[in-house]
Protein chains: 2
Amino acid sequence: MFRLHHTAGTFTAVNPIQAVRWAPDCHAVRIIDQTALPERFIERDLRSLDDVCTAISSMAVRGAPAIGIAGALGLVASLGAYGDQTLDQLRARVAVHARRIVSTRPTAANLAWAVNAVAAEAGGPVASAADALQAMRDKAGALLADDIAMCRRIGELGEPLLADGARVLTHCNAGALATTGIGTALAPVYVAAEHGRRVSVLACETRPLLQGARLTAWELSRAGVPVRVITDGAAAGAMRDGRVDLVIVGADRIAANGDVANKIGTYALALASRHHGIPFYVAAPTSTFDVTIANGAAIPIEQRGRDEVARVAGRAIVPNDVPVDNPAFDVTPAELVTAIVSDRGIHHPPYRFDP
Amino acid sequence: MFRLHHTAGTFTAVNPIQAVRWAPDCHAVRIIDQTALPERFIERDLRSLDDVCTAISSMAVRGAPAIGIAGALGLVASLGAYGDQTLDQLRARVAVHARRIVSTRPTAANLAWAVNAVAAEAGGPVASAADALQAMRDKAGALLADDIAMCRRIGELGEPLLADGARVLTHCNAGALATTGIGTALAPVYVAAEHGRRVSVLACETRPLLQGARLTAWELSRAGVPVRVITDGAAAGAMRDGRVDLVIVGADRIAANGDVANKIGTYALALASRHHGIPFYVAAPTSTFDVTIANGAAIPIEQRGRDEVARVAGRAIVPNDVPVDNPAFDVTPAELVTAIVSDRGIHHPPYRFDP
């Protein structure tokens with residue numbers, strides 16, 4: 001991700017930021033603490049198993065791709081002290097650490113997949129604990145590189161969707177902070193801006209956790225891409241006023257028929273887009289496609305805690321005796337999705353994703 | 001407004017609350033301080049001109065009908081010390097106080113109308129300052145009674161829209177706290193509940209000022225009507241899940257063709273209602289109809305301050321360098337409105353409101 005300065009009609013890339021990466025000594029994972037944004041920009045180095053687990057469970061690092069890579073790199077970092085043990089001793093530690101990291105976000109498929117892929121290297125044809133650690137470090141690094149490339153590919157494939165002057169509406173944060181690269185939904189925006197195209201973003205604040213207001217606004221502003229924040233309820237009115245050319249959102253899971261589970265509020269945006277004849281795009285890596293699920297009705301919707309809605313900055317905004325519904329996601333039916341941009345290409349309806 | 005206890009299939013009315021009323025000595029206006037809800041229930045007695053103006057400008061009292069009555073009663077209360085002056089002296093004070101109260105919310109048509117109606121009594125055929133004050137007190141009391149009756153009438157007219165077991169979705173607060181009676185959008189809910197019908201409400205929290213979470217949830221819960229709070233973005237998903245039978249919202253202004261200006265986020269609810277075949281009702285007093293405006297395009301939309309969106313409970317949730325759009329209202333076109341319930345009857349499309 002790059003800071004883009006608009007100079008004489010072109011953007012130049014400076015000041016890269018990355019949500020998850022190796023610390024310079026390669027014995028720690030360096031993350032941007034997303035719980036402190038936008039008030040403070042804090043990078044933290046995760047060295048111990050506790051560091052890694054706390055960062056993931058507290059959502060200091062969030063976004064499925066970013067969590068996966070943080071877990072993969074974090075597993076390696078947390079084993080740094082064990083390089084001079086026997087191979088068997090190391091393998092036992094790997095199993096313990098991997099299990100604990102995966103358990104921090106049990107529903108995040110990316111996390112288990114990435115951590116287990118790195119852990120498996122310790123079971124391969126290695127001669128020593130040090131060799132095993134090196135193989136794991138290489139694998140984690142490869143996953144990191146893959147994630148960066150995935151984002152770039154989505155950005156390049158999606159870029160042609162953005163005409164010069166395009167005004168993009170997005171929801172939640174599917175940007176650089178949710179990945180280790182330039183994001184998914186925001187990747188086409190960054191690539192278009194790099195190429196000197198004038199693009200701007202309307203960011204829905206995304207209650208309850210306000211990832212749009214806090215994170216999408218922060219990273220786009222930092223990169224020099226014009227961004228404005230609106231409440232979620234203001235999006236339909238902005239469309240009616242002719243202020244939105246297209247919508248791009250990320251996805252948490254995509255069923256075989258193209259139904260899309262994404263952050264709560266996405267479905268309302270898809271309905272409003274359809275009503276106003278505005279293209280509604282989903283951008284997500286292939287790993288988001290769950291071909292074992294026929295359609296959205298079978299996607300489990302996580303219900304999260306009351307306090308995310310009922311308390312803001314420590315203040316009660318809902319009476320104590322009133323219940324709250326807090327579904328984390330909703331399902332947008334495939335027929336409302338104009339196209340899906342993945343790292344493999346642009347998929348048009350009717351969608352049929354095969355195993 | 002009554003606290004309703006569900007007992008053996010019927011509701012019984014106990015524990016009335018009223019957003020604006022006379023204090024027992026009739027020399028002060030007693031209001032519920034809505035800035036303290038839901039954390040604290042505080043009633044305040046407004047006696048001085050400063051008391052009245054501060055309560056209105058700080059939104060301790062809010063909602064167009066409630067503001068109008070608070071201004072009307074407040075004008076009388078603020079003049080209590082002037083009953084032994086000459087009639088000319090009193091009339092001069094009336095003009096000064098009325099002008100200052102009206103200026104606290106210059107765009108609230110109800111406020112100017114009610115305050116000026118009370119002030120006009122001092123110019124009538126009265127023999128003394130004391131007589132003038134009595135005439136003003138009588139007029140303010142009549143306006144209060146009219147407001148209570150208006151709410152009741154909307155409730156009775158709207159009640160048949162709610163079948164037994166009806167699940168109502170509403171937005172913002174158009175309830176008892178916004179009026180001096182049982183509200184507008186919530187009036188049919190209260191009447192149905194009084195009549196022993198089982199009704200429940202899904203309250204959209206209504207960003208940015210959270211009147212749904214803070215106020216609608218509070219007053220319904222206090223009245224014993226089952227209520228749950230959701231984020232604004234969760235409403236469309238709740239409709240898709242079959243959890244909403246009808247929508248009722250209030251209105252800030254209704255154009256001659258039936259286009260409705262109401263709290264930001266209303267339009268998105270109307271679109272989602274239409275998509276799911278759910279009736280979308282607007283409940284508002286006749287005073288809300290602005291027949292001088294042909295359609296919604298001519299309704300001015302108030303843009304409010306950045307901090308309502310960008311700061312919550314003192315914490316910055318938007319980066320300082322990122323702009324915010326904060327339109328207070330949006331316009332729902334008449335073709336999305338199933339019917340409008342006013343104190344004069346139920347209006348069906350095509351709407352044509354004449355002067």
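This structure is a prediction, so every number in the text was calculated from the model and none was measured. Below, chain A is the first sequence line, B the second, and so on; all start at residue 1.
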Answer yes or no for R222(A) and F41(A): cation-pi contact, defined as NZ/CZ to six-membered ring centre under 6.0 Å and angle to ring axis within 45°.
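Here R222(A) passes the 6.0 Å and 45° test against F41(A).
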Which pair of non-hydrogen atoms, one from A166(A) and one from L246(A), has the smallest distance, and what is that distance?
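Heavy atoms only, the tightest pair is CB-CD2, 4.1 Å.
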Shorter than 4.5 Å, heavy atoms on both sides: which option in [options] has the most such pairs with chain B?
| options | answer |
| --- | --- |
| R214(A), R306(A), R315(A) | R315(A) |
| D330(A), T332(A), L271(A), T266(A) | L271(A) |
| N320(A), I301(A), V318(A), D321(A) | V318(A) |
| G233(A), A236(A), G265(A), P319(A) | P319(A) |
| A203(A), G314(A), A234(A) | A234(A) |
| A213(A), P327(A), A272(A) | A213(A) |

Heavy-atom cut-off 4.5 Å, strictly under: side chain, backbone, both or neither for L202(A) against chain B?
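Side chain of L202(A) only, per the 4.5 Å heavy-atom cut-off to chain B.
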Counting only non-hydrogen atoms closer than 4.5 Å, does I230(A) touch chain B with its backbone (N, CA, C, O), its side chain (CB onward), both, or neither?
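For I230(A), backbone and side chain are both near chain B.
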Does [Y] offer a backbone N or O that forms a donor-acceptor pair with the side chain of [X] under 3.5 Å?
| X | Y | answer |
| --- | --- | --- |
| E39(B) | A316(A) | yes |
| R274(A) | F280(A) | no |
| D259(A) | N295(A) | no |
| Y351(B) | V337(B) | yes |
| H171(B) | I264(B) | yes |
| T206(B) | C172(B) | yes |

Quick one: what part of D325(B) sits under 4.5 Å from any heavy atom of chain A, side chain, backbone, both or neither?
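Looking at D325(B), backbone and side chain both touch chain A.
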Interface moiety of I317(B) toward chain A, non-hydrogen atoms closer than 4.5 Å:
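Looking at I317(B), backbone and side chain both touch chain A.
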Test item: side-chain donor near acceptor, N173(B) and Q34(B), under 3.5 Å
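Judged by distance alone, the side chains do not pair up.
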Taking 4.0 angstrom as the limit, do D232(A) and R207(A) come out as a salt bridge?
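R207(A) and D232(A): not salt-bridged.
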Less than 4.5 Å apart, any side-chain heavy atom of L177(B) and any of R62(B)?
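Yes, at least one pair of side-chain atoms sits under 4.5 Å.
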For chain B, which residues of residues 237-245 of chain A have at least one non-hydrogen atom nearer than 4.5 Å to it?
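Expected list: G237(A), R240(A), R243(A).
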